[in-house]
Amino acid sequence: ENWSGAFDAVCDFVPKILGDFPDAVVMKLGVLPQQIAAACKRASERAQAEGLQWAALARGVGIIYFALLPAAEGEASAQQVSRSTSEISKSVEKLGGHATIPWCPSRWKSQLQIWGSPRADFAQMQKIKSIFDPLGILSPGRFVGGL
């Protein structure tokens with residue numbers, strides 16, 4: 001009986017955040033389950049350092065949805081969010097995890113690393129892209145590292 005409510009809360013987290021805070025930026029952090037607490041602590045400290053409110057939902061499998069909630073929609077907020085997401089991504093990578101930004105205002109997408117940092121296999125990704133898209137016409141610059 002109680003599981004249904006808990007499951008609904010997990011499923012409704014992102015839609016609720018985006019409904020209540022249209023300028024929210026939601027990061028998806030992936031770490032080993034034993035690293036969840038450390039990742040949440042580092043992310044919350046970074047958000048607070050930038051003066052941003054935040055909300056988080058962590059699943060026991062190592063997935064964390066971390067929402068940054070800027071107070072305004074101007075350039076200053078975009079800069080705060082950009083610095084925060086960059087630092088959060090770096091701290092998660094140091095824990096052996098990864099970070100992406102699946103939800104953010106479209107006007108901020110060009111300023112944020114929505115796919116995270118390029119990984120060690122980036123050179124192979126570039127080669128594959130050049131083979132399948134030699135003219136570079138398929139979604140140019142829209143993937144990690146500007147692929």
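Heavy atoms only: backbone and side chains are in, while hydrogens, waters and symmetry mates are out. A quick note: this is a predicted structure, and the numbers were derived from the prediction, not measured.
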Give the table of side-chain donor-acceptor pairs shorter than 3.5 Å for residues 18-46, with sequence neighbours excluded, one pair per line with atom names and distance.
{"from": "D20", "atom 1": "OD2", "to": "K16", "atom 2": "NZ", "distance (Å)": "3.2"}
{"from": "D23", "atom 1": "OD1", "to": "R107", "atom 2": "NH2", "distance (Å)": "2.6"}
{"from": "K41", "atom 1": "NZ", "to": "E45", "atom 2": "OE2", "distance (Å)": "2.6"}
{"from": "R42", "atom 1": "NH1", "to": "S91", "atom 2": "O", "distance (Å)": "3.3"}
{"from": "S44", "atom 1": "OG", "to": "C40", "atom 2": "O", "distance (Å)": "3.1"}
{"from": "S44", "atom 1": "OG", "to": "K41", "atom 2": "O", "distance (Å)": "2.9"}
{"from": "R46", "atom 1": "NH2", "to": "E50", "atom 2": "OE2", "distance (Å)": "2.7"}

Nearest 0.5 Å, please: how far is [atom2] in [Y] from [atom1] in [X]?
{"X": "L57", "Y": "I17", "atom1": "CG", "atom2": "CD1", "result": "9.5 Å"}
{"X": "K127", "Y": "I131", "atom1": "NZ", "atom2": "CD1", "result": "9.0 Å"}
{"X": "I101", "Y": "L112", "atom1": "CD1", "atom2": "CG", "result": "4.5 Å"}
{"X": "L52", "Y": "S84", "atom1": "CG", "atom2": "OG", "result": "4.5 Å"}

Item to check | By side chain to side chain donor-acceptor pair (under 3.5 Å) - contacts of Q79 (at least two apart) | outcome: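 Counting only residues at least two positions away or on another chain, Q79 forms a side chain to side chain donor-acceptor pair (under 3.5 Å) with E75.
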Next on the checklist: The criterion is side chain to side chain donor-acceptor pair (under 3.5 Å); which residues satisfy it with E93, sequence neighbours excluded?
Outcome noted: S117
With a 4.5 Å cut-off on side-chain heavy-atom distances among I, L, V, M, F, W and Y, is there a chain of contacts connecting [X] to [Y]?
{"X": "I128", "Y": "L135", "value": "no"}
{"X": "Y65", "Y": "L95", "value": "no"}
{"X": "L138", "Y": "F132", "value": "no"}

Item to check | Whether S86 side chain and S82 backbone form a donor-acceptor pair below 3.5 Å | outcome: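 No; zero donor-acceptor contacts below 3.5 Å.
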Checklist entry - Which word best sums up how the rings of W54 and F66 line up, parallel for under 30°, tilted for 30 to 60°, or perpendicular for over 60°? => result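 Ring orientation of W54 relative to F66: parallel.
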